[in-house]
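The basis for the numbers below is simple: all heavy atoms, side chains too, and nothing from hydrogens, waters or symmetry mates. By convention in this document, chain letters (A, B, ...) are assigned in the order of the sequence lines, proteins followed by strands, and residues within each chain are numbered from 1.
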Amino acid sequence: MNNTDFTKPSHFIRDIIEEHNRSGRFGGKVITRFPPEPNGYLHIGHAKAICIDFGMAQEFGGRCHLRFDDTNPTKEEQEYVDAIMNDIRWLGFEWDPHLYFASDYFERLYDFAVQLIKAGKAYVDDLSADETRELRGTLTEGGKASPYRNRSAAENLDLFARMRAGEFPDGSRTLRAKIDMASPNLNLRDPVMYRIRKAEHHRTGNKWCIYPMYDWAHGQSDSIEGITHSLCSLEYEDHRPLYDWYLDQLGIHHPQQIEFARLNLTYTVMSKRRLLTLVEKGYVSGWDDPRMPTLAGLRRRGYTPEAIRDFCDRIGVAKSNSTVDIALLEHCLREDLNKRAPRVMAVLRPLKLVIENYPEGQVEELEAVNNPEDPQAGTRQVPFTRELYIEQEDFREDPPKKYFRLFPGNEVRLRYAYIIKCTGVVKNQNGEIVEVRCTYDPATKSGTGQESKKVKGTIHWVSAAHAVPAEVRLYDYLFTKPNPDDVAEGEDFSVNINPNSLETLRACRLEPSLASATAGSRYQFERHGYFIADTKDSSTEHPVFNRTVTLRDTWAKIEKTGRSEK
RNA sequence: UGGGGCGUCGCCAAGUUGGCAAGGCACAGGAUUUUGGUUCCUGCAUUCGAAGGUUCGAAUCCUUCCGCCCCAGCCA
């Protein structure tokens with residue numbers, strides 16, 4: 001919304017598309033596709049791809065298809081299909097009515113294969129998986145031809161039909177493209193097109209027992225849908241010659257495959273394997289654990305789709321492997337939330353504060369601004385009484401230099417209320433502070449225009465008698481190192497898991513207006529950060545808030561670096 | 001030692017016909033502030049992986065070298 005007034009810097013994909021539009025290669029059309037395999041949850045890395053795929057189509061007045069790459073029946077499930085569609089819509093993109101499944105093309109793919117066989121460009125191979133690997137050669141040496149490579153088209157046609165008919169056991173035969181066993185590009189050494197898998201497919205059931213490989217299915221699916229630009233990640237660069245070969249042999253519509261670097265983030269793991277490990281080993285509570293980089297996790301954490309899209313815009317599109325600082329993601333989040341999150345006061349670690357000269361039993365309703373960034377957000381009333389809770393960290397008996405908060409003899413303003421002066425503390429037998437005492441200055445009431453006195457610090461508070469008890473979950477990075485894979489020999493990324501990535505506070509006290517907070521609503525807890533009422537566990541009886549991200553904390557930085565010492 | 005890519009500020013990333021290094025994040029100062037928040041100023045690559053060369057002039061052209069990533073699934 002605020003980035004419409006500057007011209008987005010170009011990137012190489014946009015340049016290529018513009019060039020195609022100039023030359024008329026695709027008649028000015030831009031049709032892309034996002035092709036997830038339904039075998040896992042979408043994560044922030046997919047969000048980048050989604051923003052590029054849908055974004056390019058949108059920008060050039062085209063469209064983007066959602067196509068599930070469901071060519072492997074043993075790994076894929078309907079549950080993931082539903083979750084993926086939900087996540088993409090949440091992110092803010094719509095494919096309707098262009099929803100497709102590679103499995104919808106199985107029949108046509110089969111016909112294409114027959115076409116290649118007839119042209120002498122594909123053959124049925126009886127080699128086992130191991131034998132196939134043996135003959136493939138190595139990175140530096142070419143492979144050797146299979147003894148079945150030169151079967152006649154008629155024999156291949158017969159065998160292929162019988163493969164489909166289920167006459168042969170799993171793994172006993174494959175259909176291979178006849179390209180070049182000596183190619184320096186391994187993908188061209190007679191790649192497998194079909195394998196036999198007598199498995200039930202989540203959509204086609206038991207109709208098929210041969211399933212196409214990715215390379216064979218993908219390009220042809222693109223072609224069938226009239227895709228113009230097939231955008232994918234860098235590891236498919238080596239596959240492009242094969243992508244092109246199939247299309248050229250078939251003589252059908254030929255999209256342009258373009259590869260870009262996938263996203264990596266500091267303090268984050270992104271691979272499906274590692275994400276699965278986190279879930280299965282119980283390091284997190286599930287795919288939607290607020291610490292997970294999955295869209296489901298980020299959503300539950302309180303991230304907004306707008307922030308994620310803005311982030312994807314800012315990281316750019318290029319071909320170099322890179323790892324983006326997660327601080328940029330958090331910056332985008334704060335920028336978005338700052339504009340829209342209503343402010344409230346919440347005391348996370350309560351410390352009782354008694355105002356000695358404030359009448360017992362008196363309740364004042366004070367006016368508080370809902371969002372200083374948004375005048376439209378209006379104001380609300382907050383009850384003020386003699387006994388309040390303040391944040392433990394807002395009081396120090398023995399304060400460091402530059403500490404602007406409460407300490408014996410010091411004055412601070414209570415947000416939207418009065419200036420108070422600390423008169424002392426009450427301790428228990430263990431010497432622990434259980435109560436802070438103070439007096440207030442009635443002439444300093446907020447909003448009266450009389451508050452001439454200035455103090456350095458303002459702290460938040462909540463009326464003890466009116467406070468809403470709540471549980472608050474403080475989340476931190478899941479890993480202690482920017483690169484979770486930075487481990488010693490023999491160790492794996494789990495040694496870098498942050499044992500303190502979740503801290504649960506069960507005695508929090510929120511201002512009364514939060515009693516009506518509905519699941520999924522976001523707030524700024526003033527001076528703390530942004531929080532969201534948990535969509536799974538929060539209820540009116542037992543409010544639960546997740547910390548989405550902290551506010552920038554200059555004081556914490558000063559204290560940490562010892563700059564408060566001098 | 002085969003093939004495909006990539007190397008511009010701590011992290012991303014512009015730089016397209018050679019003309020003399022955008023922007024964002026981070027960081028550091030300062031101003032404003034009833035959130036040590038926000039906002040606003042200021043600073044932050046004589047240098048573009050390295051070395052040669054061409055040129056009046058090169059991050060951009062040529063040569064050589066160095067480093068990093070990907071590929072030997074009947075996964076995608």
Inset, instruction - Mind checking Tyr403(A) for me? I need base, sugar-phosphate or nothing, with any heavy atom below 4.0 Å counting as a touch. - result: base
Legend entry - Residue pair Phe112(A), Trp216(A): steps toward the side chain to side chain contact (heavy atoms under 4.5 Å, CB included) verdict: CA-CA 10 Å; Phe112(A) 281 143; Trp216(A) 173 242; 3.5 Å; yes
Inset, instruction - Ignoring backbone atoms, test whether Arg314(A) places a side-chain nitrogen or oxygen under 4.0 Å from the OP1 or OP2 oxygen of rC12(B). - result: no
Inset, instruction - Just compare rU35(B), rC25(B), rC6(B) and give me whichever is closest to any side-chain atom of Ala327(A). - result: rC25(B)
Inset, instruction - Report the distance from atom CD of Glu391(A) to atom C1' of rU35(B), rounded to the nearest whole Å. - result: 13 Å
Legend entry - Modelled atom types, side-chain donor and acceptor of His528(A) and Glu391(A), under 3.5 Å: yes
Legend entry - Residues forming a side-chain contact (heavy atoms from CB on, under 4.5 Å) with Asn264(A), sequence neighbours excluded: Thr323(A)
Inset, instruction - Check the distance between rG5(B)'s C1' and Glu259(A)'s CD and give it to me in whole angstrom. - result: 9 Å
Could you run down the sub-3.5 Å N/O contacts of the protein with nucleotides 15-18 of chain B?
none

Inset, instruction - Could you give the distance separating rU47(B) and rU8(B) at their C1' atoms, to the nearest angstrom? - result: 9 Å
Inset, instruction - Indicate whether the side chain of Asn410(A) and that of Lys456(A) have a donor and an acceptor atom separated by less than 3.5 Å. - result: no
Inset, instruction - In whole angstrom, give me the gap between the C1' atoms of rU60(B) and rC40(B). - result: 37 Å
Inset, instruction - Report, as a single string ordered 5' to 3', how protein heavy atoms within less than 4.0 Å touch nucleotides 68-76 of chain B: B base, S sugar-phosphate only, - not at all. - result: -SBBBSBSB
Inset, instruction - Do nucleotides 27-33 of chain B as a string where each nucleotide becomes B, S or -: B if the base has a protein heavy atom under 4.0 Å, S if just the sugar-phosphate does, - if no protein is that close. - result: SSS----
Inset, instruction - Mark yes or no for whether Asn185(A), through its side chain, and Pro241(A), through its backbone, hold a donor-acceptor pair below 3.5 Å. - result: no
Inset, instruction - For Lys339(A) and rU35(B), give me the distance from atom NZ to atom P, rounded to whole Å. - result: 21 Å
Inset, instruction - Measure the distance from CZ on Arg396(A) to P on rG36(B) and round it to the nearest whole Å. - result: 14 Å
Legend entry - Sole residue of Trp461(A), Tyr440(A), Tyr358(A) in side-chain contact (heavy atoms from CB on, under 4.5 Å) with Ile420(A): Tyr440(A)
Inset, instruction - To the nearest Å, give me how far apart OH (Tyr530(A)) and P (rU35(B)) are. - result: 13 Å
Legend entry - Nucleotide forming a Watson-Crick or wobble pair with rC65(B), both distances under 3.5 Å: rG49(B)
Inset, instruction - Give one of base, sugar-phosphate or nothing for Thr554(A), where a contact means two heavy atoms less than 4.0 Å apart. - result: sugar-phosphate
Inset, instruction - Can you tell me, in whole Å, how much space there is between the P of rC11(B) and that of rC71(B)? - result: 24 Å
Inset, instruction - Take atom P in rC68(B) and the same atom in rC61(B), then report the distance between them in whole Å. - result: 24 Å
Legend entry - Spacing of the C1' atoms in rC44(B) and rG2(B) (rounded, Å): 44 Å
Legend entry - Option from Leu551(A), Val344(A), Val347(A) for which side-chain contact (heavy atoms from CB on, under 4.5 Å) with Phe525(A) holds: Val344(A)
Inset, instruction - Answer with base, sugar-phosphate or nothing: what part of the nucleic acid does Glu237(A) contact at a heavy-atom distance below 4.0 Å? - result: sugar-phosphate
Inset, instruction - I would like to know whether Asp53(A) and Thr32(A) meet side chain to side chain donor-acceptor pair (under 3.5 Å); could you show each step before the answer? - result: CA-CA 6 Å; Asp53(A) 292 339; Thr32(A) 60; 5.4 Å; no
Legend entry - Euclidean distance for P, rC65(B) against rG23(B) (whole angstrom): 37 Å
Inset, instruction - Could you work out which one of rG7(B), rU35(B), rC25(B) sits closest to the side chain of His331(A)? - result: rC25(B)
Inset, instruction - If rG2(B) has a Watson-Crick or G-U wobble mate with both distances under 3.5 Å, name it; if not, just say none. - result: rC71(B)
Inset, instruction - Using a strict 4.0 Å threshold on nitrogen-to-oxygen distance, state whether Lys319(A) and Glu237(A) make a salt bridge. - result: yes
Legend entry - Opposite nucleotide pairing with rC25(B), Watson-Crick or G-U, both atom distances under 3.5 Å: rG10(B)
Legend entry - Length of the line joining Phe311(A):CZ and rA13(B):P, which is rounded to integer Å: 11 Å
Inset, instruction - Please state whether the base of rG36(B) and the side chain of Arg405(A) form at least one donor-acceptor pair under 3.5 Å? - result: yes
Inset, instruction - Have a look at Gln524(A) and say if it touches a base, only the backbone sugar-phosphate, or nothing, with a 4.0 Å heavy-atom cut-off. - result: base
Legend entry - Which residues share a side-chain contact (heavy atoms from CB on, under 4.5 Å) with His331(A), sequence neighbours left out: Arg314(A), Glu335(A)
Legend entry - Integer-rounded Å distance: rA26(B) C1' and Asp553(A) CG: 16 Å
Legend entry - Residue-phosphate contact under 4.0 Å: Ser320(A) side-chain N/O, rC12(B) OP1/OP2: no
Legend entry - Gln257(A) and Tyr243(A): side chain donor to acceptor below 3.5 Å: no
Inset, instruction - Write down the distance separating the P atoms in rU46(B) and rA51(B), rounded off to the nearest Å. - result: 14 Å
Inset, instruction - Kindly say whether Thr550(A) contributes a backbone atom to a donor-acceptor pair with the side chain of Arg334(A) at under 3.5 angstrom? - result: yes
Inset, instruction - Indicate, with a heavy-atom threshold strictly under 4.0 Å, whether Val317(A) touches base, sugar-phosphate, or nothing. - result: sugar-phosphate
Legend entry - Stacked cation flag Arg197(A) on Tyr211(A), 6.0 angstrom / 45 deg: no
Inset, instruction - Have a look at Thr323(A) and say if it touches a base, only the backbone sugar-phosphate, or nothing, with a 4.0 Å heavy-atom cut-off. - result: sugar-phosphate
Legend entry - Same-atom distance (C1') from rC69(B) to rU63(B), integer angstrom: 25 Å
Inset, instruction - Can you tell me the distance, in whole Å, between the CZ atom of Arg240(A) and the P atom of rG3(B)? - result: 17 Å
Legend entry - Earlier contact from the 5' end, RNA chain B, for Phe12(A) and Trp555(A): Phe12(A)
Legend entry - Pairwise salt bridge (charged side-chain N to carboxylate O under 4.0 Å, His left out) hits with a residue in residues 123-132 of chain A, at least two apart: Asp125(A)-Arg176(A), Asp126(A)-Arg151(A), Asp126(A)-Arg173(A), Asp130(A)-Arg133(A)
